[in-house]
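Take a look at the structure set out below.
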Amino acid sequence: MFVTLIGFSGAAETLTGEAKEALEQAELIIGAPRLLESLPVAENQTRAASARPDETLTLLQGGGAERACVVYSGDTGFFSGA
């Protein structure tokens with residue numbers, strides 16, 4: 001599985017090109033509900049609301065996705081994503 005960590009302010013227009021590409025290719029996107037609501041919806045994607053590291057890990061392990069993204073409100077290092 002390939003997982004991309006994305007720092008996201010909640011405004012889709014602030015996403016980098018790399019973040020947009022990763023989100024488009026992801027089969028599974030995990031993040032806080034308000035962040036998931038702000039992202040464009042793509043077909044064949046599963047979205048799961050989680051803001052807790054243990055839940056996020058469980059979702060990643062059981063999701064069956066080859067490509068996943070975890071979105072964080074802000075810096076991925078500061079919020080322990082990295």
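Here, residue 1 is the first one in the sequence, and each next residue gets the next number.
Taking each heavy atom of C69 and A26 in turn, the nearest pair found is SG-CB, 3.8 Å. What you find for A68 and L60 is that their closest heavy atoms are CB-CD2, 3.7 Å. Summarising the geometry of A48 relative to L36, their closest heavy-atom pair is O-CD1, 3.4 Å, with the distance given to 0.1 Å. Considering all non-hydrogen atoms of both residues, K20 and L15 come closest at CE-O, 3.5 Å.
Residues passing the side chain to side chain donor-acceptor pair (under 3.5 Å) test with D54, sequence neighbours excluded: R52. Applying the side chain to side chain donor-acceptor pair (under 3.5 Å) rule to T14 yields the partners S9; only residues at least two apart in sequence or on another chain are considered.
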Side chain to side chain contact (heavy atoms under 4.5 Å, CB included) between V70 and I6: does it pass, once the steps are laid out? CA-CA 6 Å; V70 180; I6 298 174; over 6 Å; no

Side chains of residues 27-35: which donor-acceptor partners sit under 3.5 Å, not counting sequence neighbours?
unit_1, atom_1, unit_2, atom_2, d
E27, OE1, E66, N, 2.7
E27, OE1, R67, N, 3.0
R34, NH2, S73, OG, 2.7

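Using a 4.5 Å heavy-atom cutoff, the side chains of L39 and E37 are not in contact.
Without hydrogens or angle criteria, E24 side chain to A19 main chain gives no donor-acceptor distance under 3.5 Å.
Note: the hydrophobic cluster containing M1 also contains L5 (ILVMFWY, side chain heavy atoms under 4.5 Å, direct or indirect links).
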